[in-house]
Amino acid sequence: MKRVNRWLAKLCMAAVLLGAAGLENLPAKAAEEAPSPLKIEAPENKVQTYQCGEPQDFVLNITNTGTEKVTNIVVSPILKDRGSDWPFVTDYQKYVQELPELDAGSTGSVKFNFTQRDDAGAERYQLTFKVTAKVKTEDDSGNESERAIATEESFYVNTSAKQEEPVQSEPLTGGFDMGEAAYVGGGGGSGSSGNGSVPRVIVTGFTTNPAEVKAGSDFVLTVHLKNTSRKTKVSNMLFELQAPTEGNDEQTTAPAFLPTSGSNSIYKEGIPANGTADISISLNAKADLVQKPYEIALSMKYEDSDAAQIEAGASLSIPVKQNVRFEFSDFEITPESVEVGSEANVSCNLYNLGRIKLYNVKAIFEGSDIKKEEVFLGNLEPGSSTAIDAMLEGTKASEGEGKVKMTLSYEDEAGSVSTAEESFNLMVMEAAESSEMMMESGMMEEPKGGLPIVPIVAALAVVIVIAAVIIIKKKRKAHRLLEEEEGLLDELDGPSEDEQQ
């Protein structure tokens, strides 16, 4: 019996000790669940834009908003499970930055250096950072203790498409090349000065009108000629132009240049010794030509002063340009109006409908009520599209419609810059007005978890009105029926004509 009592006493003591240990742990657990006093922000609340392959710092400002000192601050990004969700090159297994301590009300910063992946594209990514630290506390007795805190914050970054150097297989400049002149059959006439030389006709240059040949348009080609022989006149001259065949199938295959009327042959009577002359022809450039130079073969047949036939040739390189064609989709603006200091997300799509590549495309947003914002889009292939996504910050209240202008700039293969403009409206309101509206709406709202008093009262009022109308109508109808019945009874109860007599 004594042994049993001793065992019971030991069990009671163990229960008491376990209960005491549990009570000691309660404050620690409550401390862990306390909100973090650390506020994590990006400098100026800006969304950074990264360029492909270029390292750039990502800075976070950390502020101790509490009343106690915070120590052992550790900041690290949460790397995504999939590489495609993380826009940067991963050089290390972990990225960690630390701050030794922050006094109450003080601010520190940490810095990460990231390099954008080549295949990240022109997108917007979300980065999540985990922050852990310890807070030192002191009780009334002067005893110090520490509690652990942890929090997570997410931020956005913009990435850019990989820039490609303009590649051009042939220069977009005109040129010509001469072949050799020779007598047909290899013989020579006496008019060749008796030394066997051949009177040569060469191309000294050419011009086009208009100067820039556009695909699908007409132009006049003028070729400048010179008879290099100082003694022999050439005559009975026939010129033929042969353009290269372009197209991928039977329906689209055709010469790059076709005469607008007549044939591709030109006749000229002659050129005197050491003289010059021009020949002209009106041509049409095929509409689907790729932007590049196209070579035209020019064959020449003529005779010397003894009517001996001579053949020669030359080639002309004519650059053809395509018109730039692109369109924008409708702007999506969220929200449609903002306060001063707040941001709105503006996005749309850019479609390259032309046949040429656009290089170094940028979108610049400007307005009297917003902060200037620039978005780099990179290069845009023909027949492709890209998204334009920007965060616009309001700087002052709008006085008019809040007009914002988006200027799109791009370069062609030669590096010439062109621009196009689009506009939309974004209203910016004073922050005070927005705050008053929020306060008024907040005063109208009932506490969460309570009954919606206002809707219930309104519904009851409507029900009461409807019921009152129904009751009044019923009473009026009953009263009218009663009066009709009384009138009928009076007629029945009244004396007849015989009784009156």
Side-chain angles (χ1 to χ4, degrees), residues 17-48 50 56-83 85-115 124-158 339 341-343 391 393 431 435 438 442 447-449:
L17 292 175
L18 288 174
L23 291 174
E24 290 178 358
N25 289 334
L26 284 176
K29 184 175 181 181
E32 291 178 359
E33 294 177 353
S36 172
L38 296 180
K39 182 180 181 181
I40 300 94
E41 297 177 305
E44 300 181 2
N45 197 31
K46 294 292 293 182
V47 177
Q48 289 186 236
Y50 281 78
Q56 185 173 327
D57 290 339
F58 188 90
V59 180
L60 290 176
N61 295 331
I62 303 176
T63 303
N64 180 4
T65 62
T67 58
E68 302 162 327
K69 179 184 290 187
V70 179
T71 61
N72 300 331
I73 304 169
V74 179
V75 184
S76 59
I78 300 176
L79 302 182
K80 306 295 184 179
D81 294 336
R82 296 188 307 172
D85 295 333
W86 181 253
F88 305 121
V89 177
T90 307
D91 295 322
Y92 304 100
Q93 295 293 332
K94 292 182 179 180
Y95 290 83
V96 177
Q97 294 294 332
E98 299 181 358
L99 284 175
E101 62 182 25
L102 280 178
D103 293 328
S106 62
T107 300
S109 63
V110 295
K111 179 172 64 176
F112 297 87
N113 189 265
F114 296 133
T115 302
R124 184 174 67 175
Y125 289 84
Q126 186 182 60
L127 310 182
T128 303
F129 291 82
K130 182 178 181 180
V131 182
T132 61
K134 292 182 179 179
V135 178
K136 286 189 175 182
T137 58
E138 185 175 333
D139 58 19
D140 297 336
S141 303
N143 298 322
E144 289 189 352
S145 61
E146 286 185 339
R147 61 182 176 89
I149 58 174
T151 185
E152 292 183 3
E153 290 289 343
S154 296
F155 302 89
Y156 289 108
V157 294
N158 293 326
E339 296 179 353
S342 299
E343 292 183 332
M391 298 296 293
E393 179 183 348
S435 300
M438 291 177 63
K448 292 184 178 179

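Along the sequence shown, residues are numbered consecutively beginning with 1.
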Point to revise | Glu44: side chain to side chain contact (heavy atoms under 4.5 Å, CB included) partners, not counting sequence neighbours | key: Lys46, Lys371
Check your understanding: How far apart are the closest heavy atoms of Leu127 and Pro87, and which atoms are they?
Key -> CD2-CD, 4.0 Å
Exercise for review: Provide the full list of side chain to side chain donor-acceptor pair (under 3.5 Å) pairs with a residue in residues 94-107, sequence neighbours left out, each pair given once.
Suggested key: Thr63-Thr107
**Study point:** With Thr67 via side chain to side chain contact (heavy atoms under 4.5 Å, CB included) - residues at least two apart
**Key:** none
Check your understanding: Are Tyr50 and Phe114 close enough that some pair of their side-chain heavy atoms sits under 4.5 Å apart?
Key -> yes
Review point. Val96 versus Val74: any side-chain heavy-atom pair under 4.5 Å?
Key: yes
**Study point:** Flag side-chain contact, heavy atom, 4.5 Å: Thr65 against Leu38
**Key:** no
Point to revise | Partner residues of Glu68 under the side-chain hydrogen bond (donor to acceptor under 3.5 Å, both in side chains) criterion, sequence neighbours left out | key: none
Check your understanding: Can you check side-chain contact (heavy atoms from CB on, under 4.5 Å) on Trp86 and Leu79, steps first, answer last?
Key -> CA-CA 7 Å; Trp86 181 253; Leu79 302 182; 3.6 Å; yes
Study note, to complete from the structure: Note: Val135 and Pro37 closest approach over all heavy atoms is CG2-CG, 4.3 Å
Exercise for review: Apply side chain to side chain contact (heavy atoms under 4.5 Å, CB included) to Glu41 and list each qualifying residue two or more places apart in sequence or on a separate chain.
Suggested key: Lys39
Exercise for review: List in chain and number order the residues that pass side chain to side chain contact (heavy atoms under 4.5 Å, CB included) with Asn72, two or more places apart in sequence or in another chain; answer none if no residue qualifies.
Suggested key: Lys134
Review point. Side chains of Ser36 and Val131: closer than 4.5 Å at any heavy-atom pair?
Key: no
Point to revise | Verdict with reasoning, Ile40 to Asn61, per side-chain contact (heavy atoms from CB on, under 4.5 Å) | key: CA-CA 6 Å; Ile40 300 94; Asn61 295 331; over 6 Å; no
Review point. Of the options Asn113, Val157, Thr115, which is the one that meets Phe88 in a side chain to side chain contact (heavy atoms under 4.5 Å, CB included)?
Key: Val157
Point to revise | Contact list for residues 56-67, test salt bridge (Lys or Arg N to Asp or Glu O under 4.0 Å), sequence neighbours left out | key: Asp57-Lys111
Exercise for review: For the residue pair Leu102 and Ile62, establish whether any side-chain heavy-atom pair is separated by less than 4.5 Å.
Suggested key: yes
Review point. Which residues satisfy the ring-ring contact (aromatic ring centres under 6.0 Å, His included) test with Phe129, sequence neighbours excluded?
Key: Phe58, Phe112
Check your understanding: What distance do Met391 atom CE and Glu343 atom CD have between them, rounded to the nearest 0.5 Å?
Key -> 4.5 Å
Exercise for review: Check side-chain hydrogen bond (donor to acceptor under 3.5 Å, both in side chains) between Thr71 and all other residues, then give those that pass, not counting sequence neighbours.
Suggested key: none
**Study point:** Side chain to side chain, Phe155 and Val47, heavy atoms closer than 4.5 Å
**Key:** no
Point to revise | From CD (Gln126) to OH (Tyr156), nearest 0.5 Å | key: 5.0 Å
Check your understanding: With side chains defined as the heavy atoms from C-beta onward, is the minimum distance between Thr132 and Ile149 less than 4.5 Å?
Key -> no
Review point. Residues in side-chain hydrogen bond (donor to acceptor under 3.5 Å, both in side chains) with Thr128, at least two apart?
Key: Ser154
